[in-house]
Amino acid sequence: MTIARAHLILSIFLTGMLCEYTHAEEQQDFIEVFTDSRTQIVNDDEGMTVYLIDRIYRFERELSRDLPVDPKAAKLAVLHRFQRMDAQLSGELENAAKGLVQSRQYGIGRYPAIVFDGEAVVYGLTDVSTAIRLYRKWQTEGTRQ
């Protein structure tokens with residue numbers, strides 16, 4: 001992470017902590033949340049996209065659990081597990097793959113991260129309402145300068 005980017009993130013966070021929330025409901029943003037299955041996101045909005053980017057890794061662990069020692073038998077067991085994959089699991093894996101690709105495009109190296117309009121990111125927060133307030137404040141102060 002560059003010093004300028006770190007400074008921007010810190011500025012957004014500190015400014016939001018010191019300032020009051022205004023008019024967040026009036027503006028619509030494209031919000032993407034990058035997180036893992038252990039982290040609960042609060043105050044989420046149905047218009048946002050939440051990526052559980054650890055789902056692929058969890059699936060790999062599930063596939064390899066209790067496999068036979070014999071390589072041929074293990075291969076058959078994994079193929080059988082793939083065949084039993086339902087639409088929900090398939091959707092979860094697709095979401096995780098999209099999230100991994102998108103996080104790489106944004107340069108996100110850790111989570112939780114909340115991205116607004118593909119241009120600003122707030123790290124470390126799990127409360128979307130708080131992140132929106134920080135983003136709004138950053139937008140307002142950025143237009144004054």
Close side-chain approach of [X] to [Y], heavy-atom, < 4.5 Å:
X    : Y    : result
V115 : F34  : yes
Q88  : L93  : no
M48  : I41  : yes
E119 : Y135 : yes
T140 : W138 : no
L52  : D36  : no
E32  : Y106 : yes
I114 : I31  : yes

The test is side chain to side chain contact (heavy atoms under 4.5 Å, CB included); show your working for R81 and L67 and say whether it passes.
CA-CA 11 Å; R81 291 174 187 180; L67 287 177; 3.6 Å; yes
Check whether any side-chain N or O of S90 sits under 3.5 Å from a backbone N or O of D86 as a donor-acceptor pair, and report yes or no.
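Not a single qualifying donor-acceptor pair exists.
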Has T39 got a side-chain atom pairing as donor or acceptor with T35's backbone, closer than 3.5 angstrom?
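Such a contact is absent between T39 side chain and T35 backbone.
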Specify the closest pair of heavy atoms between [X] and [Y], including all atoms of both residues, with the distance to one decimal.
X    : Y    : value
T126 : P112 : CG2-CG, 3.9 Å
Y123 : G109 : OH-N, 4.2 Å
I56  : A96  : CG1-CB, 3.7 Å
F30  : T49  : CE1-OG1, 4.4 Å
P68  : A74  : O-CB, 3.6 Å

For the atom pair CG (D127) and CG (N43), what is the distance rounded to the nearest 0.5 Å?
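Spacing of CG (D127) from CG (N43) equals 4.5 Å.
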So, taking the atom named NE2 in H80 and the one named CD in Q83, what distance separates them when rounded to the nearest 0.5 Å?
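Rounded to the nearest 0.5 Å, the NE2-CD separation comes to 6.5 Å.
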Donor-acceptor side-chain pairing of Y111 and D54 below 3.5 angstrom
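Result is no, nothing qualifies.
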Using the side-chain hydrogen bond (donor to acceptor under 3.5 Å, both in side chains) rule, collect all pairs that involve residues 61-73, keeping only residues at least two apart or in two chains.
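Those involving residues 61-73 are R55-E62.
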When you look at CD of Q105, are more than 12 heavy atoms from neighbouring residues, nucleotides or ligands closer to it than 6.0 Å?
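Enclosed: over 12 neighbouring heavy atoms sit under 6.0 Å from CD of Q105.
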Using the rule that two of Ile, Leu, Val, Met, Phe, Trp, Tyr join whenever any of their side-chain heavy atoms come within less than 4.5 Å, decide whether [X] and [Y] are in one cluster.
X    : Y    : result
V101 : V121 : no
Y57  : L89  : yes
F59  : V78  : yes

